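Single-structure report; data block below.
Every heavy atom of this structure was used, including side-chain atoms; hydrogens, water molecules and symmetry mates were not. Computed from a prediction, not measured in an experiment: that's the story for all the values here. Order of the sequence lines sets the chain letters (A, B, ...), proteins ahead of strands, with each chain counted from 1.
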Number of protein chains: 2
Amino acid sequence: MNVMNASPRRKELTRLAAQLFVQEGFDRTTVRMLAQEMGIKSGSLFHHFKDKQEILAAVIEEGTHNALVIARRALDNCDEHPEARLRAMARAHLETLFTDRNAHVVALFEWRRLASDASAHLSHLRDAYEALWVQVIDDALEAGLIHGDCFLVSRFILGALNWTVRWYDPGGPRTPDDLADELVAMITAR
Amino acid sequence: MNVMNASPRRKELTRLAAQLFVQEGFDRTTVRMLAQEMGIKSGSLFHHFKDKQEILAAVIEEGTHNALVIARRALDNCDEHPEARLRAMARAHLETLFTDRNAHVVALFEWRRLASDASAHLSHLRDAYEALWVQVIDDALEAGLIHGDCFLVSRFILGALNWTVRWYDPGGPRTPDDLADELVAMITAR
DNA sequence: TGGATAACCAAGCAAGCGCTAGGGCGAATG
DNA sequence: CATTCGCCCTAGCGCTTGCTTGGTTATCCA
């Protein structure tokens, strides 16, 4: 499954690529910019990655994988109250967006740039992550904590969370956890 | 204020450009693709627009302007109940995203690609649009319809709405109005 | 000690990019 | 009737792009 990030060197390069992709966007990031950031020449890049697409695929796999792992850990480490679990998921989501700020952002905002074969190969990771959300939201609905259609609710919540990337200032007074808590409070207020 | 889209021909070209920008993204859309879609040669494009940046600016101005006009009209045509006004804004927002599906989407998702001078020139339009939202949300907060911080609530709502572009299928069973109503119901449920 | 291997570089190619120069042509205008 | 004007074309320039080729090291293990 995870053939992609074998060597530690490649993993480090993937991390740097993620950073640049967030700053500039995938299309505007040239292989020469990537190489310079990595301290090598542009040709050397293709010793580690078959082409530019594969760099993107590696970053997105990393980002989605991280999000999945962190969300699972968050669910394991919280009690069974539907509201606590909802809050844990929201916090975990923002944690992957802002503390390890890069790979998951790329996964969310540059998914369209994936070639269709890579997209097909990675979609199961994304599906597994979204399945976590669906389950947590289903429980919250059943407990009467929130109201509406599960599919729509999950899309709305993820939309609100993902869009934070566009406006949130990590230097400001609010922490990512504050945001998560406020969102959960907003949709569970009675 | 609106020096940008003078001639009707240019307005039509702007409409076509918006369509391509949504499909492909600004960076991946070449001037040759734009020209072909418009039925002219690539060189002829620069009779209407100074450069590619100006096409983007024209599209974004169009999209933001439309959103502002439609939102104002929606507010004029609904009663004064805070919930009705909230629903009207959400419906108007999705209307500009999905019925005239292009220019506003570009304004939201390609704003970063604007050169700083164009961005500065257009930001007042965006600010005016967001001011409408802030006012409507403030009223809803005061009426006790929703709870939380006005700034955060508006960001969350707009995030949830904007993200629909990524998953909503216009061919499906739900109308954009359905989405808007469900979102409002979700955050006002007691 | 010798051969494989991983990591890199120098040089550059073919294709595509945004954009320009200079001219043609029919409709509107004086 | 002459001139302007809006709209378009042909041709191509200069540059950047992703990527390739062929070769050089340093490291590691048999």
Review point. Between F156(A) and W167(B), how do the two ring planes meet: parallel, tilted or perpendicular, split at 30° and 60°?
Key: perpendicular
Practice item. Figure out the NZ/C1' separation between K50(B) and dC19(C), and round it to whole Å. Key: 12 Å
**Study point:** Gap between atoms CG and P, on L45(B) and dG6(D) respectively (whole Å)
**Key:** 18 Å
Practice item. Consider only side-chain N and O atoms of H93(B) and Y129(B), and report whether a donor and an acceptor are under 3.5 Å apart. Key: yes
Exercise for review: Please say which of R28(B), M38(B), E24(B), Q23(B) ends up in a side chain to side chain contact (heavy atoms under 4.5 Å, CB included) with M33(B).
Suggested key: E24(B)
**Study point:** Member of I60(B), L45(B), L16(B), T14(B) meeting the side chain to side chain contact (heavy atoms under 4.5 Å, CB included) criterion with I55(B)
**Key:** L45(B)
Check your understanding: For G25(B), does its backbone N or O pair with a side-chain atom of T29(B) as donor and acceptor, under 3.5 Å?
Key -> yes
Point to revise | Any donor-acceptor pair under 3.5 Å from D178(B) side chain to T175(B) backbone | key: yes
**Study point:** Spatial distance of atom CG (L152(B)) from atom OG1 (T164(A)) [nearest 0.5 Å]
**Key:** 10.5 Å
Check your understanding: Any ion pair linking E37(A) and R32(A) (charged N to carboxylate O, less than 4.0 Å)?
Key -> no
Can you check nucleotides 7-10 of chain D for protein contacts, nitrogen or oxygen pairs under 3.5 Å, and list what you find?
| unit_1 | atom_1 | unit_2 | atom_2 | d |
| --- | --- | --- | --- | --- |
| dC8(D) | OP1 | R9(B) | NE | 3.3 |
| dC8(D) | OP1 | R9(B) | NH2 | 2.8 |
| dC8(D) | OP2 | H48(B) | NE2 | 2.8 |
| dC9(D) | OP2 | K41(B) | N | 2.5 |
| dC9(D) | OP2 | S44(B) | OG | 2.8 |

Report all interatomic pairs (protein N or O, nucleotide N or O of nucleotides 15-18 of chain C) with separations under 3.5 Å.
| unit_1 | atom_1 | unit_2 | atom_2 | d |
| --- | --- | --- | --- | --- |
| dG18(C) | OP1 | K52(B) | NZ | 3.0 |
| dG18(C) | OP2 | V31(B) | N | 2.9 |
| dG18(C) | N7 | R32(B) | NH2 | 2.9 |
| dG18(C) | O6 | R32(B) | NH2 | 3.2 |

